[in-house]
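Read through the structure below, which is laid out as structure tokens, and then see the notes.
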Protein chains: 2
Amino acid sequence: MEFRQLRYFIAVAETGSISAASRQVNVAQPALTRQVRLLEEDLGTRLLERHARGVSLTVAGQALYDEAVQLLDTRTRIRTRLASLGQGLIGKVSLGVTVTHLWVPEVASLLRRYRDRYPQVAFEVFPLLSGPQLERLREGSLDAGILYLDGGE
Amino acid sequence: MEFRQLRYFIAVAETGSISAASRQVNVAQPALTRQVRLLEEDLGTRLLERHARGVSLTVAGQALYDEAVQLLDTRTRIRTRLASLGQGLIGKVSLGVTVTHLWVPEVASLLRRYRDRYPQVAFEVFPLLSGPQLERLREGSLDAGILYLDGGE
DNA sequence: TTCTCTTACGGGGGGCGTAACGATG
DNA sequence: CATCGTTACGCCCCCCGTAAGAGAA
């Protein structure tokens with residue numbers, strides 16, 4: 001069972017015809033015949049009833065159609081979500097800030113501007129001393145920190 | 001995004017290493033490097049951070065991992081469901097029966113035995129005269145019928 | 001005869017494996 | 001130097017398109 005086969009099968013199910021489906025998905029008609037057959041062999045189940053005029057779905061075919069539509073929808077949903085995540089438009093940032101810096105106006109306005117620009121990014125701000133921040137940055141539980149650094153770090 | 005790529009990626013995510021994953025899925029290690037790279041290009045997102053010792057997931061990678069597990073689970077669920085459906089172990093049967101035949105003991109016991117044998121098959125029994133049954137059998141809204149037939153049918 | 005699905009066959013893209021390379025602790 | 005990920009390259013499978021075949025209205 002491959003996404004491509006499901007896409008073809010959905011077209012066949014919705015048009016009630018392998019020929020019509022082949023035009024819809026821009027693939028030669030024998031290719032669809034073959035992929036549907038392979039899908040049936042893979043699932044061990046007849047999915048279509050072939051008539052002289054087009055095809056109709058078996059019970060199993062109807063069930064697969066419903067599932068396949070959901071499956072492809074899920075795939076596009078994942079795509080869009082990952083695209084946003086990858087661009088940093090959504091996500092989560094864990095930020096350490098020393099207590100003293102929390103009250104610095106520049107820091108507060110920086111956070112505010114970031115929130116305005118990327119409203120889908122969740123912020124977790126941890127008030128922490130510089131030492132613990134460094135430790136958590138190293139172990140990855142913080143993404144960034146505003147803190148005092150010794151010269152050597 | 002293909003099922004195969006998701007399967008590979010899940011193995012990589014769970015082992016934290018492309019090499020280890022390649023042994024787990026019985027595929028040469030460069031093939032996994034390539035498929036993961038193709039998956040990243042396809043989604044337009046970095047999924048892994050490569051270190052000298054293995055790999056770790058980016059935020060997008062973690063998100064994809066969760067979704068991918070569900071997606072593959074869904075696929076196997078569909079497989080098993082369709083397998084049962086294809087064997088007639090579950091499904092629905094629409095049956096027409098003439099009112100007179102409903103009271104024939106043989107008919108009642110036939111239905112009872114069928115129900116016992118295939119408890120997952122839902123029955124819809126329609127009390128119908130022979131004429132309407134024939135009509136609905138032809139249009140497909142009935143799967144079978146118990147009725148009187150003229151000689152020519 | 002026409003519309004449909006199926007079968008046959010040859011070409012091409014892509015996935016995989018082997019081998020060589022690069023980087024890091 | 002051992003281990004891991006990447007790059008290079010050739011083979012082969014499989015998907016596709018074209019062409020021909022079969023069956024039903």
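Computed over heavy atoms, backbone and side chain alike; hydrogens, waters and symmetry mates excluded. Quick note on labels: first sequence line is chain A, next is B, and so on, each numbered from 1. On a predicted model such as this, the values are computed, not experimentally measured, just so you know.
For the pair B/T33 and D/dT6, the criterion of a side-chain N or O lying under 4.0 Å from OP1 or OP2 is met. At least one side-chain nitrogen or oxygen of B/Q35 sits closer than 4.0 Å to the OP1 or OP2 atom of C/dC16. Side-chain N/O atoms of A/Y8 include none lying less than 4.0 angstrom from OP1 or OP2 on D/dC15. For the OP1/OP2 pair of C/dT6 and a distance below 4.0 Å, the side-chain nitrogens and oxygens of A/R34 include no atom meeting the criterion. In terms of phosphate contacts, A/R50 brings a side-chain nitrogen or oxygen within less than 4.0 Å of OP1 or OP2 of C/dT6.
Nearer to the 5' terminus of DNA chain C, by closest-nucleotide assignment, is the contact made by A/R53 (compared with the other of A/P30 and A/R53).
Between B/Q29 atom CD and C/dG22 atom C1' the separation is 13 Å, expressed in whole Å. Rounded to an integer number of Å, the gap from CG of A/L32 to P of C/dT4 is 14 Å. The CD-P distance, from B/E49 to D/dG5, rounds to 14 Å in whole Å. In this structure, B/F3 atom CZ and C/dG15 atom P are separated by 16 Å, rounded to whole Å. As rounded to whole Å, 12 Å separates atom P of C/dG14 from atom CD of B/E2.
Taking CE from B/M1 and CG from B/L64, the interatomic distance works out to 6.5 Å, rounded to the nearest 0.5 Å.
Other residues, nucleotides and ligands contribute over 12 non-hydrogen atoms within 6.0 Å of the CZ atom of A/R75. B/R79 CZ: more than 12 foreign heavy atoms inside a 6.0 Å radius.
In the model, A/T74 has no side-chain atom that pairs as donor or acceptor with a side-chain atom of A/Q70 under 3.5 Å.
Distances were taken from every side-chain heavy atom of B/A52 (C-beta onward) to each of D/dG5, C/dG25, D/dC15; the shortest belongs to C/dG25. Closest to the side chain of A/L38, from the set D/dG5, D/dC15, C/dC16, is D/dC15. Of all nucleotides listed (D/dG5, C/dC16, C/dC5), D/dG5 comes nearest to the side chain of B/S19.
Two rings, from A/F3 and B/F3, have their centers less than 6.0 Å apart.
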